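Presented below is the structure to which this report refers.
Just so it is clear, the structure is predicted and the values come from calculations on it, not from any experiment. Reckoned from all heavy atoms, side chains included, excluding hydrogens, waters and symmetry mates.
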Amino acid sequence: MHTQDDLYPSRLGGREQIIPRQDPVVYGGEPSESGASLEREQLDHYEKNGYLVLPGYMPEMVEPLLAEIEQLRGKLRGCEELVCEPESDELRTIFNPCGFSGHIERFFRHPKILPLVRQLLGSDVYLMQSRVNNKPAFTGRSFAWHSDFETWHVEDGMPRMRALTAWIMLSENHQHNGPLYVIPGSHKLYVSCCGRTVEDNYKSSLRRQVLGVPRPETMREVLRDREVHAITGVPGTLVIHECNLLHGSPDNISNDPRKVLMCVYNSVENKPVAPFGGLKPRPGFLSSRDYSPASLAAA
């Protein structure tokens with residue numbers, strides 16, 4: 001039995017319901033003393049919609065990051081951190097690039113990124129998870145609608161909604177190559193999904209997620225007064241999305257591969273406890289147990 005009250009129960013069997021969010025969206029708001037900061041209009045947009053897009057924010061970082069990722073592909077061949085497409089051996093995701101590349105790890109502590117994260121979460125943060133999402137031309141497959149927090153809560157033990165994902169576009173993200181779709185405002189709802197988590201669910205869910213995916217009738221309710229928005233942009237665009245924002249992506253039906261580099265930041269005041277699904281935690285490359293506060297890297 002779990003020793004902590006579960007404010008966001010999910011995967012308890014056959015029942016599915018929508019629960020109101022019980023946590024703030026923006027925890028801070030004061031600009032950082034060092035590095036970049038968000039304006040009030042940007043903070044308000046994030047609070048209302050659950051995401052921010054900063055077009056062409058860091059274009060100079062694209063080529064060095066792509067070169068670093070290409071080296072990782074060879075270094076990690078055959079490792080659990082490399083996940084393939086559900087119907088082929090083409091690369092879908094590289095997990096934990098921060099753990100294998102000092103260059104990538106420093107990028108996510110950059111003075112143009114880390115202060116924004118601290119501002120939104122109102123505390124020091126640690127790098128909980130990092131990954132490269134890759135969608136090959138024509139064969140890159142979809143990601144179903146889901147909330148990251150639902151998985152992190154049930155399978156990793158994240159207690160509250162005080163985390164976010166920051167990511168940079170390493171190729172153009174356009175309407176036809178499987179961009180991220182989000183539902184603005186959906187972060188203020190929590191979908192308690194049906195089903196029950198099985199042991200080592202991550203081994204199949206990383207290729208095709210089934211548990212933690214809301215049913216069509218639930219999504220119809222969510223979309224009753226909300227719209228789907230595609231996040232598109234040029235290489236170097238930085239996106240920040242809130243941990244409970246419902247998002248997904250379609251197949252890549254174009255001749256243009258899509259590649260993004262992502263990092264999950266969790267507040268040091270929101271450290272995971274025992275997973276609320278009652279099973280053992282997922283491996284460290286999916287949810288780090290190194291809670292050391294991230295420090296600013298040299299610009």
Side-chain angles (χ1 to χ4, degrees), residues 51 53-98 100-101 103-104 107-108 129-146 148 151 165-183 202-210 212-213 227-241 245-264 285-286:
Y51 70 97
V53 180
L54 304 176
Y57 190 63
M58 303 177 77
E60 73 283 359
M61 301 302 299
V62 171
E63 289 304 321
L65 289 171
L66 284 172
E68 194 74 5
I69 290 167
E70 192 56 37
Q71 291 187 18
L72 284 183
R73 290 185 66 164
K75 182 188 296 187
L76 298 177
R77 192 179 306 276
C79 295
E80 194 172 27
E81 287 85 354
L82 262 65
V83 178
C84 294
E85 287 288 338
E87 297 161 4
S88 74
D89 291 329
E90 290 194 81
L91 179 66
R92 182 175 177 90
T93 307
I94 301 175
F95 278 98
N96 197 28
C98 283
F100 297 99
S101 167
H103 180 73
I104 292 175
F107 169 73
F108 283 116
Q129 184 195 98
S130 59
R131 62 190 184 273
V132 178
N133 276 356
N134 183 66
K135 275 203 177 177
F138 299 117
T139 59
R141 294 300 173 230
S142 63
F143 288 80
W145 287 116
H146 66 283
D148 289 332
T151 292
T165 301
W167 50 281
I168 185 171
M169 298 181 185
L170 298 179
S171 61
E172 184 178 358
N173 286 221
H174 57 71
Q175 293 281 356
H176 308 299
N177 69 344
L180 192 75
Y181 284 176
V182 299
I183 303 175
Y202 75 93
K203 291 182 178 180
S204 60
S205 69
L206 298 182
R207 298 188 76 174
R208 178 183 283 116
Q209 186 166 353
V210 177
V213 174
E227 296 181 348
V228 175
H229 177 75
I231 296 183
T232 59
V234 299
T237 294
L238 187 78
V239 182
I240 300 174
H241 74 259
L245 183 70
L246 282 170
H247 61 285
S249 64
D251 291 351
N252 183 355
I253 60 171
S254 78
N255 192 35
D256 301 320
R258 171 183 172 259
K259 183 169 292 178
V260 301
L261 175 64
M262 319 181 88
C263 183
V264 177
F285 73 87
L286 295 175

Here the pair of heavy atoms bringing P97 nearest to L261 is CG-CD1, 4.0 Å

One should read off an interatomic distance between I104 CD1 and C98 SG, to the nearest 0.5 angstrom, of 6.5 Å

Correct closest heavy-atom pair for P179 and P250 would be O-CD, 3.3 Å

To the nearest 0.5 Å, atom OH of Y51 lies from atom NE2 of H229 at 3.5 Å

Using the ring of each side chain (for Trp, its six-membered ring), is W145 parallel, tilted or perpendicular to Y181, with breaks at 30° and 60°?
tilted

dist R131:CZ -> E81:CD (nearest 0.5 Å) comes out at 14.5 Å

One should read off an interatomic distance between M58 CE and T237 OG1, to the nearest 0.5 angstrom, of 12.0 Å

Query raised in the report: Are there more than 12 heavy atoms of other residues, nucleotides or ligands under 6.0 Å from atom CD of E227?
Result: no

Between the CG atom in N134 and the CZ atom in R73, the distance rounded to the nearest 0.5 Å is 6.0 Å

ask   = Hey, does the side chain of T232 reach the backbone of Q175 with a donor-acceptor pair shorter than 3.5 angstrom?
value = no

Taking every heavy atom of L76 against every heavy atom of L82, the minimum-distance pair comes out as CB-CD1, 3.1 Å

Between M262 and N133, does a side chain to side chain contact (heavy atoms under 4.5 Å, CB included) hold up when you go through it step by step? CA-CA 8 Å; M262 319 181 88; N133 276 356; 3.4 Å; yes

On a heavy-atom basis, the closest approach of N177 and P257 is ND2-O, 3.6 Å

For V62 and P235 the tightest heavy-atom approach is CG2-C, 3.9 Å

Check: I168 and Y57 side chains under 4.5 Å, non-hydrogen atoms: no

Is the shortest side-chain heavy-atom distance between N96 and E80 below 4.5 Å?
no

The reported gap from CG in L245 to CG in L180 (rounded to nearest 0.5 angstrom) is 8.0 Å

message = Main chain of I231, side chain of N173: is a donor-acceptor contact present, judged purely on distance under 3.5 Å?
response = no

How about N255 and H176: do any of their side-chain heavy atoms sit closer than 4.5 Å?
no

Of all heavy-atom pairs linking K135 and G178, the shortest is NZ-O, 3.3 Å

Given side chain to side chain contact (heavy atoms under 4.5 Å, CB included), test I94 with I69 step by step and report yes or no.
-> CA-CA 9 Å; I94 301 175; I69 290 167; 4.1 Å; yes

Within a strict 4.5 Å, meaning less than it, do heavy atoms of the H174 and D256 side chains meet? yes

Inset, instruction - Would you check if there is a donor-acceptor pair between the side chains of S101 and K75 at a distance under 3.5 Å? - result: no

